Amino acid sequence: MSDPLLALDDVYKSYGEEQVLSGVSFEMDAGDVDVVIGPSGSGKSTMLRCVNRLTEIDSGDIYLDGDCVTDADTDVNELRKQVGMVFQDFNLFAHLTALGNVTLGLRKVRGMDKATAQEQGYEHLEQVGLSDQADSYPAELSGGQKQRVGIARALAMDPKLLLFDEPTSALDPELVGEVVDVMRDLAAEGITMLVVSHEMGFARSAASDIIFLDDGRIVEHGPPEQLFQNPQAARTGEFLSRLETAHEEE
Amino acid sequence: MPPLPLQSDWAFVIENLDLLLVGTGVTVALTAASILLGFLLGFPAGAVEVYGRGPLKRAVETAGVVLRGTPLLVIIILLFFGLSVSSSAFVTATIALGLRSAAYQSQIFRGALQSVDEGQLEAARAIGMGRFQAIRSVVVPQALRRSVPGFQNEFTIVLKDTSIAIVIGLGELLTVGQNLYQGGQSTAALEIFLTVSLIYFVLTFVTNRSLDRLDDHFSIPGGERA
Amino acid sequence: MGTQESTTAGRTLRARAAGLTDQPLTLLTVAGFWTWLVVRWTNDFLLDGALIDRNTSFFPTAPFEAAASTLGGLAASLGPVGFPVGWVAGFFEFLAASIPYLPQLATGVWATILLTVLGIALGFVIAVPLSVARVYGGTLTRSVALGYTELFRGTPLLAQLFVLYFATPLTTIIRELPAVGTGFIPAQAFWVAVIAFMLNSAAYQSEYIRSALNSVPEGQLTAARAIGLSKVDGIRHVVLPQGLRYAIPGWSNELVYLIKYSSLASFITVRELFERTDAIASETYRYTELFVLAGLLYLALVLSASLLMEYVEDRVAIPGLGTTSR
């Protein structure tokens, strides 16, 4: 049996006195879509940021495709070429067009010439349905469009794994759908995704596994049917029912 | 009948207009050289204040406080008569104005660099850019655009302060005016100094308008929300 | 955009000053500086040199000279590794050379402070109506105010000083006034400089106040009108008290600028700090020491001003208003 694509082994992280991750371990295989849920402050985003080392862990190991990426001598830039990230508040490069955002990494990191980079950039914008906005600047795009450019920017690096950090939580409700649709397409194409999100519709239909994180620990980890219909831990059930209620109120 | 004094005073100014224009040329050259020197030193200094650490950062900050806390007049005199950095008044004035401007430009760039959202740097790192490359390709281009208004202000300040080079006898615009008054026609004081002021005014006005254009030209369509 | 930019700039400048003024060493230096100045002025101006002769320094030079020569000898005997000791020796040499000139420079500092304070205070009196005219005035008052500020901000202060001093009868008029140039009231050139600084500073201050007034939300004046205040009263009692607080960071910058630019008054013979330094330097040819000393005195004044303005800003701060609310 081959190695899992991503493996976290007993990962600990604290900010000063505050313990954020306390022994987190899980694995996911290539092609998996894992959705991480949990109350705010439970360590979801921190866990995600540890994977591409925007945040450094205190102890434990993280493996990508069999290589330990938390070794001191790992080149973080090499790692990040293989792990794309989509941010909650987009973080599009404000001075570049949509196409410029997608091609910057291709040109400056992958060393591609401009013409090739633009050709590929168009393809990725096409993939998220935005090739007609290639020349628009971020401030000229809607929130949903910005996030789709953000996804195209991450896809362009042809990553082994895509990280999504609450990709829809900064969006107005009516714009969530277009981003979720793109994510669903990517999942169907077999792209490996680790997603922090409370979009239950997406989780139900696209997730291979759901990870429920609370207080820095994985409380429950299993396929969506199991978590939604038959949660093993009492806290999982409580959290999910609160989430449902909140959604109905909206 | 002798001509009216008023007419002859204006006539005196007009006769010497070519001298005033030469002085204007010196003023413009001195401004350009000083701003350039100030940019070459001030931009890295601002970056050191934001991204640097340790003794280098402290040294840059201290130099900035000293240069911003001392009158330009003192800096010019010290460089010319005290330290004698150059026997050329133009070179000395350029160094003095340039150093002082660097201290202010560093603050403009520091503020602009700090105003770029941290997420921009993070997103650049997330696609695999090194720290230096991320700063260079993503943060600096945005910061340079944001520093245009501050830079505009600094440009006109330097332009006006070139007049202080009169203290070391550099033949810039105000010095020419002073020479015309003291060595030429003392009754023409008002006419001379008003003409000189008018030329300065035109220079600052034109500079401001051109830099407004620059600001419009480099502004990002739709603003900067990303 | 302009308003936002200047607010940001003001805030960062303030943060920068705070970094330096928080240091105990800075506070101690400033306290020592002012103790020396006040004792010196009291002795020279009020007590007519009762404590010590007007031209004699409080500090003896001999110990510093001795220290300098001892350390200099030590540095020489240490050879190439002696250079840090050499620097300390140089510092003591500098002190020994500077001390005799301190009394005269203290008199210059008095004129510099007086020039700055009068210039900025009188300028403020003109700046407030100017800025209100810019923001709330009709077409005519607005353009008059705009013309004034553009004219004074678009030409060098030195040229303005020259126009007033050489090209207007201001000097003659002031000279004829009673008491000018007698006792501790300075001579006419000083007053010409005050007028120039007042006119110039008014233009800059009005810009700071104008952008501060613009940052007061429009609803504030509407609400004032709604409770029955006239427009003028609404501006006076509601908009200005808020706007002037927003203007403090910009105003602090202006104070610092004016301290430094007051040195230009030396060109029209005002006996302020720079002019005193220059006069002594051209007699003694000790340009480097004297102008370094002058630079340090200006720096102490600038630091004092930053400290003072931070204190003022804290005193008048209202929770949720101005720099703290953003």
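What's counted below: heavy atoms across the whole structure, side chains too, no hydrogens, waters or symmetry copies. Note that the structure is a prediction, hence the values are computed from the model and not measured. Numbers restart at 1 for each chain; the letters A, B, ... are given by sequence-line order, proteins then strands.
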Please list all pairs passing the salt bridge (charged side-chain N to carboxylate O under 4.0 Å, His left out) test where one or both residues lie in residues 196-213 of chain B, with sequence neighbours left out.
-> Arg209(B)-Asp212(B)
With only heavy atoms counted, which part of Tyr181(B) is less than 4.5 Å from chain C, the side chain, the backbone, both or neither?
-> side chain
Out of curiosity, Ile164(B) CD1 to Ser263(C) OG, how far, rounded to the nearest 0.5 Å?
-> 6.5 Å
Answer with side chain, backbone, both or neither: which region of Val66(B) has an atom nearer than 4.5 Å to a non-hydrogen atom of chain C?
-> both
Quick one: what part of Leu264(C) sits under 4.5 Å from any heavy atom of chain B, side chain, backbone, both or neither?
-> both
Taking every heavy-atom pair that is under 4.5 Å apart, which of Ala188(B), Ser197(B), Gly69(B) has the most such pairs with chain C?
-> Gly69(B)
Contacts satisfying salt bridge (charged side-chain N to carboxylate O under 4.0 Å, His left out) that involve residues 87-108 of chain B (not counting sequence neighbours) are Arg100(B)-Asp161(B)
Please list every donor-acceptor pair under 3.5 Å in which a side-chain atom of residues 152-166 of chain C meets a protein atom from a residue at least two apart or in another chain.
residue   : atom : partner   : partner atom : Å
Thr155(C) : OG1  : Leu151(C) : O            : 3.0
Thr155(C) : OG1  : Gln160(C) : NE2          : 2.9
Gln160(C) : OE1  : Asn200(C) : ND2          : 2.8
Gln160(C) : NE2  : Phe152(C) : O            : 3.0
Gln160(C) : NE2  : Thr155(C) : O            : 3.2

Chain B interface, residue from Leu296(C), Val256(C), Ile259(C), Leu299(C) that has the most non-hydrogen pairs under 4.5 Å = Leu299(C)
Would one find more than 12 heavy atoms of other residues, nucleotides or ligands at under 6.0 Å from atom OH of Tyr51(B)?
-> yes
Residues of residues 82-94 of chain B near chain C, each having a heavy atom less than 4.5 Å away = Gly82(B), Leu83(B)
Contact origin within Ser266(C) toward chain B - heavy atom pairs under 4.5 Å = side chain
Looking at Pro71(B), Ala189(B), Gly177(B), which has the largest count of heavy-atom pairs under 4.5 Å with chain C?
-> Pro71(B)
Select, from Val167(B), Thr156(B), Ile108(B), the one with the greatest count of heavy-atom pairs under 4.5 Å involving chain C.
-> Val167(B)
Under 4.5 Å from a heavy atom of chain B, the part of Glu289(C) involved | neither
What pair of heavy atoms forms the shortest contact from Lys260(C) to Arg68(B), and how long is it?
-> NZ-O, 2.7 Å
Separation between OG1 of Thr70(B) and OH of Tyr298(C), rounded to the nearest 0.5 Å = 10.0 Å
Output for pair (Leu78(B) CG, Thr277(C) OG1), nearest 0.5 Å, gives 11.0 Å
Between Ile77(B) and Phe274(C), is any pair of side-chain heavy atoms under 4.5 Å apart?
-> yes
Atom group of Phe267(C) that falls short of 4.5 Å from chain B, counting heavy atoms = side chain
For chain C, the option from Leu173(B), Leu174(B), Thr62(B), Leu79(B) that forms the most heavy-atom pairs under 4.5 Å = Leu174(B)
